[in-house]
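Read the structure below first, then the notes.
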There are 2 protein chains.
Amino acid sequence: MARESSRPGITDVAKLAGVSLSTVSRAMNGNPTVDPALAERVRAAAAELGYTANPVARSLVLGRTQTVAVVIPDLENPTFQAILRGLSRAATADGYHVLVADSREDLDEEHALARATRLRTDGVILCAPRMPEEELAALLPALSPAVVINRGPQISAPVVGADYGLGMREIVDHLTSLGHRRLVYLAGATRSVTHKARQEAIAAAVSGFDRLDRLEVEEITAGVDFDSGTAVADQVLASGATAVIAYNDLVAMGLLSALTVRRVEVPGQLSITGFDDIPFAAYTSPPLTTAAVPAVDLGAAAWAAMHAQLTGGEPTPALTLTPTLVVRGSTSAPRED
Amino acid sequence: MARESSRPGITDVAKLAGVSLSTVSRAMNGNPTVDPALAERVRAAAAELGYTANPVARSLVLGRTQTVAVVIPDLENPTFQAILRGLSRAATADGYHVLVADSREDLDEEHALARATRLRTDGVILCAPRMPEEELAALLPALSPAVVINRGPQISAPVVGADYGLGMREIVDHLTSLGHRRLVYLAGATRSVTHKARQEAIAAAVSGFDRLDRLEVEEITAGVDFDSGTAVADQVLASGATAVIAYNDLVAMGLLSALTVRRVEVPGQLSITGFDDIPFAAYTSPPLTTAAVPAVDLGAAAWAAMHAQLTGGEPTPALTLTPTLVVRGSTSAPRED
DNA sequence: CTGTTAGCGCTTTCAT
DNA sequence: ATGAAAGCGCTAACAG
């Protein structure tokens, strides 16, 4: 009754190679203080048995798991998916594993998952955490090392994010340089941080528009998804604006769809811009002009910030990436009246 | 020089509660053989210290990690994202964690990741593994318990998948009942398993079409992405078919886009169907008729199959889910000549 | 350079 | 019902 099917342990290798446990351990970890010949013998024995050190046991003794956790508000969100992808690939390249946790937009879950996953990993990356500032501040020390994505920089952990204000600014400039003077801004979740940034950028653009003609921007509260875009189509049309800045690509696409049904020409009669550059933005008819948030890079940067803490120990300064304006077919100069 | 910032261990709790380690362990695990009063005292001490058992240490002694691994060919693929989402949520609901590994369509990586992640988890779920049949068969025993998604059922592990043939059959039936008799099938990756299934289903539909009029299906090799759909637009138009069955939604959307540019009316002049029902299929103009592959359910089913092995030990029989025909605006009866 | 010994933090017999 | 002791599989002092 032997443990036939059980994976071989370090003891088995030691026995087969005729050496002690420590020698096997040293040899397997490339410790240079071991005799080359012996090391070779150990490796051969290990290979023969198909031995690999048990990572769990190593984790216990070494105090590190070679794994990090990523807590995401919603795995269905294309931007978060892209962040996860960039993060996962970067971490894998450095020999780390990634534990994902989907909080499903539940604040309590988010908090609980962050704590729970931290216990089995070397650090946690909070992706656009939804919890209030205070709670986040109180939680972070318990998670250290941690990295936060897309939250204000007033935080006791490295933060990486995109400058939504700058992206919005690029969009407004694009539209005004095209000749548009009457715009509509379709606002999203009105209490989110990213909303604030966009709103301020628009306000700044308006007040900074020191030409003879004026720039007017009407704000209409829409939402964050496709349907909220279709829902405000008539309101947009009634506004008399020549261009609309949607909160994000989804909203822009919803609006675009509703306008197509109403036979409104885009960009002929109305220009539309999105935000994020989700995978489908390039495939609408017409393709969407938008600000590309470098989500994959954001994920990679978050990993870099985590890796720095895990190795060097030197905390990375806050990093802010800039969205890139992607001009496609949904914007053009306003039609001459 | 005490270990101030270090997390409290079971010893600290034992000391504070004035009991032995074993009692703390038993109390924390709800072992009924411990005196209720003492148990309460232990819990109080644990709460005071903010103690939580170290999962890594538990994993080592218990031989289980409460974590499973999911190996995915490409985190960018919407279907795989949906599978991951369904799986992750189901696993979380059962108190398990999920390690994700993106093999990036690299066969060697896929193999290596499966082995490596298995060492730190209780089982691995292979999502649409790309490796050849033989290699997969040889690998599975080392991964056990494992679950395979979307591969033939000739495998020594529970398999969950969608019946692509049936989905394709539904599409053909939909089109023929609409009155279409000349179809084009835009083939995708011609050596994939899912391609085979679709092709056979079409062949079966053709030969089973025992009416007075004939059903003709021309096959054009396209590809699996948006651009391959746009690329074959002219070929499709030249074929004289009244409806086209695209390999998947992406291809259908590419074709749709190219046809819009050419001012071909869909579905007026040509009906188009997709496959998968990715998130954007409902939002094209016109919205896409497609076969909805229940990817989220597939993920949940894969978890169920894994959970069964992890607990009961009874291997689940192979499970095949059926795609649902979703009729939207891209199909209609062919125009009367 | 190599072997012996002591843990990592926890669960679980085995006594009592 | 509780405590003492063994050990999960490995690494890292500590001797030699």
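Hydrogens, waters and symmetry mates play no part in the numbers below; they use all other heavy atoms, side chains included. In the text below, chain A, chain B and the rest are named by the order of the sequence lines, each starting its count at 1.
One finds a side-chain N or O of A:Thr23 lying less than 4.0 angstrom from the OP1 or OP2 phosphate oxygen of C:dG3. Between C:dC8 and B:Asn54, no contact under 4.0 Å exists linking OP1 or OP2 to a side-chain N or O. Put simply, B:Arg58 has no side-chain N or O that comes within less than 4.0 Å of OP1 or OP2 on C:dC10.
Contact of A:Ser22 with C:dT4 (side chain to base): a donor-acceptor pair of N or O atoms is detected under 3.5 Å. The base of D:dA12 does not come close enough to the side chain of A:Ser25 for any donor and acceptor atom to sit less than 3.5 Å apart. For C:dG3, the base has a donor-acceptor partner in the side chain of A:Arg26 [N/O atoms by modelled type, under 3.5 angstrom].
Between A:Leu60 atom CG and C:dA6 atom P the separation is 18 Å, expressed in whole Å. In this structure, CG of B:Asp35 is placed 5 Å from P of D:dT2, rounded to the nearest angstrom. The nearest whole Å value for the distance from the CD atom in B:Glu40 to the P atom in D:dT2 is 14 Å. Spacing between atom CD1 of A:Ile10 and atom P of D:dG9 amounts to 11 Å, rounded to whole angstrom units. Remark: C1' of C:dG9 and CG of B:Leu49 are 15 Å apart, rounded to the nearest angstrom. Atoms CG (B:Asn31) and C1' (C:dT13) sit 13 Å apart, rounded to a whole Å. The separation between A:Leu21 atom CG and C:dT5 atom P is 12 Å, rounded to whole Å. As a whole-Å value, the separation of B:Arg41 CZ from D:dA1 C1' is 13 Å.
Under the 4.0 Å criterion applied to side-chain N and carboxylate O atoms, A:Asp74 and B:Arg89 are assigned as salt-bridge partners. A salt bridge links A:Glu105 to A:Arg130: one of the charged nitrogens lies within less than 4.0 Å of a carboxylate oxygen.
Taking the side chain of B:Leu62 as heavy atoms from C-beta on, and the options C:dG9, C:dC10, C:dT12, the nearest nucleotide is C:dT12. Side-chain atoms of A:Ala57 lie closest to D:dG9 of the nucleotides D:dT11, C:dC10, D:dG9. The B:Val61 side chain lies nearest to C:dC10 when the options are D:dC10, C:dC10, D:dT2.
The residue B:Val19 sits close only to the backbone: its heavy atoms come under 4.0 Å of sugar-phosphate atoms, none of a base.
Under the 30°/60° scheme for interplanar angles, the aromatic rings of B:Tyr96 and B:His307 are found to stand perpendicular.
The residue among A:Tyr51 and B:Pro32 whose nearest nucleotide of DNA chain D is located toward the 5' end is B:Pro32.
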**OP:** For B:Arg104 and B:Glu110, run salt bridge (Lys or Arg N to Asp or Glu O under 4.0 Å): C-alpha distance rounded to whole Å, both residues' side-chain angles, the deciding distance at 0.1 Å, then the answer.
**Re:** CA-CA 8 Å; B:Arg104 310 175 68 166; B:Glu110 183 173 73; over 6 Å; no
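Residue A:Leu298 forms a side chain to side chain contact (heavy atoms under 4.5 Å, CB included) with just one option from A:Thr79, A:Ile149, A:Leu87, and that option is A:Ile149.
Checked by atom type and distance alone, the side chain of A:Asn29 pairs as donor or acceptor with a backbone atom of A:Ser25 at under 3.5 Å. Formation of a donor-acceptor pair under 3.5 Å by the B:Arg120 side chain with backbone atoms of A:Pro55 is not found in this model.
Atom CG of A:Leu21 sits about 10.5 Å away from atom CZ of A:Arg26, to the nearest 0.5 Å.
Over its length, the helix from C:dC1-D:dG16 to C:dT16-D:dA1 turns its helix axis by 50°, as judged from the five terminal pairs at each end, rounded to 10°.
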